[in-house]
Number of protein chains: 2
Amino acid sequence: MARRNEHSREELREMALAAAETLLDQQGSEALSTRKIASAIGYSAGSLYQVFKNYDDLCWQLNQRTLAMLLVALEQAVASAPDQALQQYGQQYLAFAAQWPQRWSLLFEHRTPLDLETPETLEQAIAQLFGKIEQPLSQLFTDRSAEQISEAARTLWAGVHGIAVLRAHNKLFQVQDGADAMASTLLERYILGWQQEISA
Amino acid sequence: MARRNEHSREELREMALAAAETLLDQQGSEALSTRKIASAIGYSAGSLYQVFKNYDDLCWQLNQRTLAMLLVALEQAVASAPDQALQQYGQQYLAFAAQWPQRWSLLFEHRTPLDLETPETLEQAIAQLFGKIEQPLSQLFTDRSAEQISEAARTLWAGVHGIAVLRAHNKLFQVQDGADAMASTLLERYILGWQQEISA
DNA sequence: ACCTGAACACCGTTCAAGT
DNA sequence: ACCTGAACACCGTTCAAGT
């Protein structure tokens, strides 16, 4: 058998990615494999190479979808006050990591063998994420330079990300999940502290 | 051939872990395997199961050694002033992550299949890490409760950890490595902001 | 008791062969 | 052109067999 042509390339790609997401959610990235994905959609493993360069490429495409979902989730923040907007971003980010733990950890733990080339689209999406945080920050700190705003955005995002990472690995050792409160005080105290600094 | 008995169990364990560390440093966790480790020390893969429960157990033992190294590295902080001590811990942590990127990322990215049982010794070592940060914090904030100090220690460590994670994955998008400065301002502004808060 | 080598059930990836 | 199934070079893990 061959030449079935039941599905277009794009359909095959979509089916494979959807099946991969289900497998990922249910069994984690460790258990994900080309053979399982192919079997889930009724194709042979080899046929995936029509649509993906290799397993690494498949992971990047999964990550791109995850990142798109994350950006949509962050759109849900609707606060008017800039400090409230930052708080909402933080909470949404933690909520997303909790809702999609496997997709979220693949997004940040996946490495290409020698970091050959991180796909540019993915880099751009992450830059977009930073941009979202820079906006309320620049409203709060009108006298700071763009470089300072940019550094603060990276720092705060890294901070909230770190909280999400440690929670995902059960390294917070909290009786009750304190991640939300931690992110909240992190943002609040950082902003307050920065406001106290002598502006350059 | 069998029954060589050239090495004691403990010697075999040590040889395997040392070989694993070399492989890990040179080729990353993805390339690490029982077969390669065994071959590097002149044993068959099966013989490793005398000394390790499974590959997961081997990774945990590697991680335990990494964590011990990290704790030693943090001992090098010698500041007297509590805020300086926190800054030194932050810098030492980032320096360690930069010096041993593969060991450090195995330490935080390795998951046991269903998080069956994170080894208790490892949990204790991480608790020790938190304790180190709580000490200068409680000197700075004498009027805060132990719970508040504990939460702040977790938050700040998570923050610095997040910076290290994003740097390790080249997600900081800085022309020049700004991780040190980011950690420094994170700690400084958090402390300053907390001092401004009305104490409960 | 210790260790091996083959075996088993998996991987990612390639590619001749079939339609 | 599309797809398969076998093949190749890898995995982790087990275990009968050998000393």
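A note on names: the letters A, B, ... follow the listed sequences, proteins ahead of strands, and every chain is numbered from 1. Both backbone and side-chain heavy atoms feed into the values below; hydrogens, waters and symmetry mates do not.
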query = Hey, do the aromatic rings of A/F96 and A/W104 have their centres closer than 6.0 Å?
reply = no
request  = Would you check if A/T34 and A/N54 make a side-chain contact, meaning some heavy-atom pair closer than 4.5 Å?
outcome  = no
request  = Return no unless some side-chain N or O of B/K36 is found under 4.0 Å from OP1 or OP2 of D/dC11.
outcome  = yes
query = A/Y49 has a side chain; which of D/dC2, C/dG12, D/dT13 sits nearest to it?
reply = C/dG12
query = B/Y43 near the nucleic acid: base, sugar-phosphate alone, or nothing, with a heavy-atom cut-off under 4.0 Å?
reply = sugar-phosphate
query = Is there a Watson-Crick or G-U wobble partner for C/dC10 with both distances under 3.5 Å, and if so, which one is it?
reply = none
ask   = Choosing from C/dT13, D/dG12, D/dC3, which nucleotide comes nearest the side chain of A/Q50?
value = D/dC3
inquiry  = Are B/L24 and B/W100 linked, directly or through intermediate hydrophobic residues, by side-chain heavy-atom contacts shorter than 4.5 Å (ILVMFWY only)?
reply    = no
Short side-chain N/O contact to C/dT4 OP1/OP2 from B/S44, under 4.0 Å = yes
request  = Look at A/K171 together with B/E123 and state whether they make a salt bridge at an N to O cut-off of under 4.0 Å.
outcome  = no
ask   = So what's D/dC2 paired with, Watson-Crick or G-U wobble, going by both distances under 3.5 Å?
value = C/dG18
query = Rounded to the Å, how far apart are A/L48 CG and C/dG12 P?
reply = 10 Å
ask   = How would you label the contact of A/S33 with the nucleic acid (heavy atoms, under 4.0 Å): base, sugar-phosphate, or nothing?
value = sugar-phosphate
message = Between B/Y55 and A/H7, which residue's closest nucleotide on DNA chain D lies nearer the 5′ terminus?
response = A/H7
